[in-house]
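We name chains A, B, ... by the order of the sequence lines, and we start the count at 1 in each one.
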Protein chains: 2
Amino acid sequence: MKKETENSIHKNDSKQLARFAKALGHPTRIAILKHLESQSCCFTGDLVEIFPLAQSTISQHLKELKNAGLIQGEVNPPKIKYCINKENWKTAKGLFQGFFE
Amino acid sequence: MKKETENSIHKNDSKQLARFAKALGHPTRIAILKHLESQSCCFTGDLVEIFPLAQSTISQHLKELKNAGLIQGEVNPPKIKYCINKENWKTAKGLFQGFFE
DNA sequence: TTTTCCAATCGTACTTTTACGATTGGAAAT
DNA sequence: ATTTCCAATCGTAAAAGTACGATTGGAAAA
């Protein structure tokens, strides 16, 4: 059983919140997420067409969003379909809400 | 008079949201803001005592938060009192709320 | 099997961020 | 006038972020 002070819980929350915030800290990633919210899902190629960025750059941004847990990809050969990770999205929403009161 | 398409407004929002998110994208800055929320205001020196970081590092984080518009400092010689910038805080809150729906 | 297609990864260059100690600046106190 | 005090800024070093073109990998199609 894990023993945690209230303080360390807050610290963990701060870390997690910062992690999410960092992932949101680039206009392209915000735009990608907005697109995913509106479309529910999309392929990497769709984004490459929308944004004036190289395919490798888009891929890198997707990787960061995935690492932060905000999106998830499922293979749908030969394409990969990206969606919002609803669980973590909810967590992020809650953390930001709590932060701003 | 400025002519803006709905699209460009959304783009601007994305940029602003990313700017705020980037400023929130570090655990120390989250912790500073949480402290300011709870204390309403504080001095740089207070933070230097709380965080295991050099005074110059704290100062840098404060600068970033100030540049992002999330805090403001008023001189109270020889100290400087930092507070949340309530207007921009509200803006940020609104942007995040809108983003997460 | 070979080709085709999509996306990840590699290698690279450049910029930005994070952290530190040292120095500077400005106002109050001596 | 000098000292003291707090915080900003400078200079620097190391790490992380952003972007690109080129290459690789893996699955489907030919």
Side-chain angles (χ1 to χ4, degrees), chain A residues 11 14-36 39 41-85, chain B residues 11 14-36 39 41-85:
Chain A
K11 256 190 187 161
S14 289
K15 263 193 189 169
Q16 183 58 53
L17 181 53
R19 259 174 66 82
F20 282 134
K22 196 173 180 184
L24 298 179
H26 194 288
T28 298
R29 291 196 289 272
I30 292 286
I32 288 172
L33 290 170
K34 281 193 176 175
H35 192 254
L36 285 180
Q39 304 282 317
C41 285
C42 78
F43 301 106
T44 308
D46 302 345
L47 300 171
V48 174
E49 278 173 23
I50 294 171
F51 298 101
L53 292 169
Q55 177 262 321
S56 54
T57 304
I58 299 288
S59 223
Q60 255 181 145
H61 282 304
L62 289 171
K63 190 182 178 183
E64 284 197 53
L65 291 172
K66 207 168 52 180
N67 286 344
L70 291 169
I71 65 171
Q72 57 196 344
E74 53 182 71
V75 285
N76 200 338
K79 301 191 174 189
I80 292 180
K81 197 169 69 176
Y82 279 105
C83 313
I84 301 282
N85 180 321
Chain B
K11 255 191 189 164
S14 288
K15 264 193 188 170
Q16 183 58 51
L17 181 55
R19 259 174 65 81
F20 282 134
K22 196 174 179 185
L24 298 179
H26 193 286
T28 297
R29 291 197 289 274
I30 292 285
I32 289 172
L33 290 170
K34 281 193 176 176
H35 192 256
L36 286 178
Q39 304 281 316
C41 284
C42 78
F43 301 107
T44 308
D46 303 345
L47 301 170
V48 174
E49 279 172 23
I50 294 170
F51 298 100
L53 292 169
Q55 176 263 322
S56 55
T57 304
I58 299 287
S59 224
Q60 254 180 145
H61 282 304
L62 289 170
K63 190 181 178 183
E64 283 196 55
L65 290 172
K66 207 168 50 180
N67 286 343
L70 291 169
I71 65 171
Q72 57 195 345
E74 54 183 69
V75 284
N76 199 340
K79 300 189 172 188
I80 293 180
K81 198 170 68 176
Y82 279 104
C83 313
I84 300 282
N85 181 320

(request) Report the distance from atom CD of Gln60(B) to atom CG of Leu53(B), rounding to the nearest 0.5 Å. (result) 10.5 Å
(request) Would you classify Lys22(A) as touching base, sugar-phosphate or nothing, given that sugar-phosphate means primed atoms plus P, OP1 and OP2, and contacts are heavy atoms under 4.0 Å? (result) sugar-phosphate
(message) Without decimals, in angstroms, what is the distance between Arg19(B) CZ and dT16(C) C1'?
(response) 15 Å
(request) Over all heavy atoms of both residues, which pair between Ala68(A) and Arg19(A) is shortest? Give the atoms and the distance, please. (result) CA-NH2, 3.9 Å
(request) Please work out if Lys66(A) contacts a base, only the sugar-phosphate, or nothing of the nucleic acid, heavy-atom cut-off 4.0 Å. (result) nothing
(request) Choose from dA8(C), dC20(C), dT9(D) the nucleotide whose nearest atom is closest to any side-chain atom of Ser59(B). (result) dT9(D)
(message) Nearest to the side chain of Gln55(A), heavy atoms from C-beta on, is which of dT16(C), dA8(C), dC20(D)?
(response) dA8(C)
(message) Is there a side-chain contact between Ser59(A) and Gln55(A) in this structure, where contact means two heavy atoms from C-beta onward sitting under 4.5 Å apart?
(response) yes
(request) Classify the nucleic acid contact of Leu53(A) as base, sugar-phosphate or nothing, counting any heavy atom under 4.0 Å across all strands shown. (result) sugar-phosphate
(request) Find the bend of the helix from dT1(C)-dA30(D) to dT30(C)-dA1(D) as the angle between its two terminal axes (five pairs each), to the nearest 10°. (result) 0°
(request) Could you check which of dA19(C), dC20(D), dA7(C) has an atom nearest any side-chain atom of Lys79(A)? (result) dA7(C)
(message) Nearest to the Arg29(A) side chain among dC20(C), dT18(D), dC20(D), which nucleotide is it?
(response) dT18(D)
(request) Report the distance from atom CZ of Phe43(B) to atom P of dA7(D), rounded to the nearest whole Å. (result) 8 Å
(request) Could you work out which one of dA7(C), dA8(D), dC20(C) sits closest to the side chain of Ile80(A)? (result) dA7(C)
(request) Could you check Lys81(A) against Ala54(B) and say which one's nearest nucleotide on DNA chain C is further toward the 5' end? (result) Lys81(A)
(request) Report yes if the side chains of Val75(A) and Ile80(A) come closer than 4.5 Å at any heavy-atom pair, otherwise no. (result) yes
(request) Output the distance between atom CD (Gln39(A)) and atom CG (Leu47(A)), rounded to the nearest 0.5 Å. (result) 9.5 Å
(message) Between dA8(C) and Gln60(A), counting only base atoms on the nucleotide and side-chain atoms on the residue, is there a donor-acceptor pair under 3.5 Å?
(response) no
(message) Tell me the interatomic distance from Lys63(A), atom NZ, to dA8(C), atom C1', rounded to whole angstroms.
(response) 8 Å
(request) Starting from C1' on dC6(D), measure out to CD on Glu49(B) and report it in whole angstrom. (result) 12 Å
(message) Between P on dA27(C) and CD on Glu74(B), what's the gap in Å once rounded to a whole number?
(response) 16 Å
(message) Would you say that Leu36(B) contacts Cys83(B) through its side chain, given a criterion of any heavy-atom pair below 4.5 Å between the two side chains?
(response) no
(message) Within the structure provided, determine whether Leu24(B) and Leu17(A) are in side-chain contact (heavy-atom separation under 4.5 Å).
(response) no
(request) Select one nucleotide: of dA19(C), dT18(D), dA8(D), the one nearest the side-chain heavy atoms of Glu64(A). (result) dT18(D)
(request) Output the single nucleotide from dC10(C), dT18(C), dG21(C) whose closest atom is nearest the side chain of Ser56(A). (result) dC10(C)
(message) What is the distance, to the nearest angstrom, from the CZ atom on Phe51(B) to the C1' atom on dA7(D)?
(response) 17 Å
(message) Check the phosphate of dA8(C) against Tyr82(A), side-chain N and O only, distance under 4.0 Å to OP1 or OP2. Yes or no?
(response) yes
(message) Less than 4.5 Å apart, side chain to side chain, heavy atoms only: is that true for Thr28(B) and Thr57(B)?
(response) no
(request) Report yes if a side-chain nitrogen or oxygen of Thr57(B) is closer than 4.0 Å to either non-bridging phosphate oxygen (OP1 or OP2) of dC20(C); otherwise report no. (result) yes
(request) Ignoring the backbone of Thr44(B), work out which of dA19(D), dA8(D), dC20(C) is nearest its side chain. (result) dA8(D)
(request) Rounded to the nearest angstrom, tell me the gap between atom NE2 in His61(B) and atom P in dT18(C). (result) 6 Å
(message) Distance check needed: dA7(C) C1' versus Asp46(A) CG, whole Å only.
(response) 12 Å
